[in-house]
Amino acid sequence: MTSVKLAIVEGGGNAKLSKAARFREMLQRGSLDFIMEAHNGLSARIVEETGFDGIWASGLSMSAALGVRDNNEASWTQVLEVLEFMSDATSVPILVDGDTGYGNFNNMRRLVTKLEQRDIAAVCIEDKLFPKTNSFLGSAQPLADIDEFCGKIKAGKDSQRSDDFSIIARVEALISGWGLDEALRRAEAYNEAGADAILIHSKIADPSEIFAFTKEWGNRSPVVIVPTMYYATPTQQFRDHEISLIIWANHNMRVAIQAMRDLSKEIFDTESLVGPEARIASVKEVFVLTGNEELAAAEERYLPTQDAGCKAIVLAASRGAALGKLTDDKPKCMIDVRGQPLLRRQVAMLNESGVQDVIIVRGYKKDAIDLPSVGTRDNDEFADTKELYSLACAREDLDGPCLVTYGDILFRPYMLDALLRAEGDIVIVADALWRDREQSAEGLVRDLIVADRAFTTNFLDDALVNLSAAGHGISPEDATGEWVGMLKLSKAGAAAVRVELDAMDADGLLRNAEIPDLLNRMMAAGHKVQVQYITGQWLDVDDAHDLAQARNIT
Ligand code: SPV
Ligand code: MG
């Protein structure tokens, strides 16, 4: 018997045995081991997850899973494809059912090469003729010529690159009715030819002929068995007969057939998924089995994600009563605009610009704001308060660079990108072309602003300008723009806003104030507030007229 050679594979800083070395050790360690059938990547992973130290890639099961017969109907390269998935999905050794080696010695050489390339630990070949037939089918099948089969074993051994790769010779003499002597003669020849173990196969319902073989064979080489037909034999008897390895050969494939039949029938009969849902693996389990967590972690490591280094607080507490019945069951930011709510559009735009941390301040019909991946704060006093109170509800979030936007505005991504690039502690966005904006319904008061310089079209004149006043009180003649409902705060700007919110709270002004009130107070306190002009192309949805316009956007 060859001694166990330990092949070391470097992996992730941990030295560990190669799959082939682990399989070889399993064959030779003198205790009884078990490997379990799998027929694709998923079943292979389940076998490993269960705790088995190895996998039997069954020819019968892989063929059946492909919907073909166990008669070499699946080509050897098609089998290789399946094996590649199984090997990639697992870290325990795989013993492949190589049938007859798919041809003569030359096909066997190429098979071994290709299996090793896929990190398969071992192959078992049987001494029958190509194309083979499953051993449990029909009557006695012709056996291979002993010398020809020995040549195949030698060719396989000579072509393996790693010393640890194993070739198991499967003796079919008992199954084909040639008797114990022939089985022993063949086993001896195959052992001489270099086989690493003998698989002695039997299709009778008791282990007598297997035990007759092991008794004569002694410990000349490890013995492998497939007790599919003599399944009732107590496992201890196999131990007592010094079997090295048991192959549970086809049971995952068979249980899958039964389970799929039962489930399909139940769903077919009941026209419903209710019955089986609690019994079957959840979709989440599928994600776990296929390693989605690893992908998510890898994405974090390798995918460039735009990070604006800035969070957003979206004020979305108000109902939008001017929109009438449309806001009976949801706030206006959740009104559908061409297939998705306003707010969802805005959050998607923020995310695309690298603002991943989005906090929505909810109020009216807050449960209707059911967007994934956003944080929420609640202004439960929305009915008697204005937007600054909502901002104060997110006071604790003003702890770093931060955008503040209204939840009912639509704007173009370039406006957001420009604002994110703007340098300044407090920068608001104002529309310089506000006079051209279609007037919405009567009575709606616009938040105008006055800055120290009006917008110009000069290419060189794109610096931020300083705000001097904002709010309803500004006369149109003085205004240089209209406050859009979007501002950016640096870390220092956010801290200053927090201080001012507290001061307004102390003064009893918080409940009834709007953002322009805050800006005016901050300027009065000596803070610089700057303006980034835009030139139209935005919309705030206050009434049906605005909504009709919003629904025209693409
Ligand atoms: C297989 O699983 O394909 C085998 C084992 O070869 S047996 O079906 O028992 O022959
Ligand atoms: Mg087979």
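Start at 1 and go down the list; that is how both ligands and their atoms are numbered. What's counted below: heavy atoms across the whole structure, side chains too, no hydrogens, waters or symmetry copies. One is the number of the first residue; the rest follow in order along the sequence.
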Parallel, tilted or perpendicular: rings of Tyr102 and Phe130 (30°, 60°): perpendicular
Sphere of radius 2.8 Å around the Mg ion (ligand 2) - protein N, O or S atoms inside: Asp97 OD2
Inter-residue atom distance Ile55.CD1 - Phe23.CZ, 0.5 Å rounding: 11.5 Å
Parallel, tilted or perpendicular: ring planes of Phe211 versus His241, cut at 30 and 60 degrees: parallel
What are the distances between nitrogen or oxygen atoms of ligand 1 and protein nitrogen or oxygen atoms, counting only those under 3.5 Å?
from, atom 1, to, atom 2, distance (Å)
ligand 1, 2 (O), Trp56, NE1, 3.1
ligand 1, 2 (O), Ser58, OG, 2.7
ligand 1, 3 (O), Ser58, OG, 3.2
ligand 1, 3 (O), Gly59, N, 3.2
ligand 1, 3 (O), Leu60, N, 2.8
ligand 1, 3 (O), Asp97, OD2, 2.7
ligand 1, 6 (O), Asp97, OD2, 2.9
ligand 1, 6 (O), Arg170, NH1, 2.7
ligand 1, 8 (O), Asn134, ND2, 3.2
ligand 1, 9 (O), His201, NE2, 3.0
ligand 1, 10 (O), Arg170, NH2, 2.9
ligand 1, 10 (O), His201, NE2, 3.1

Sidechain N-carboxylate O distance under 4.0 Å for Arg29, Asp53: yes
Pair Gln141-Thr133, side chain to side chain donor-acceptor pair (under 3.5 Å): steps then yes or no: CA-CA 8 Å; Gln141 297 175 21; Thr133 299; 4.6 Å; no
Contacts of Asn191 that satisfy side-chain hydrogen bond (donor to acceptor under 3.5 Å, both in side chains) - sequence neighbours left out: none
Atom pair CD (Glu192) and CD1 (Ile153), whose distance is rounded to the nearest 0.5 Å: 11.0 Å
By side-chain hydrogen bond (donor to acceptor under 3.5 Å, both in side chains) - contacts of Glu182 (at least two apart): Arg185, Arg186
Between Phe136 and His201, ring centroids under 6.0 Å: yes
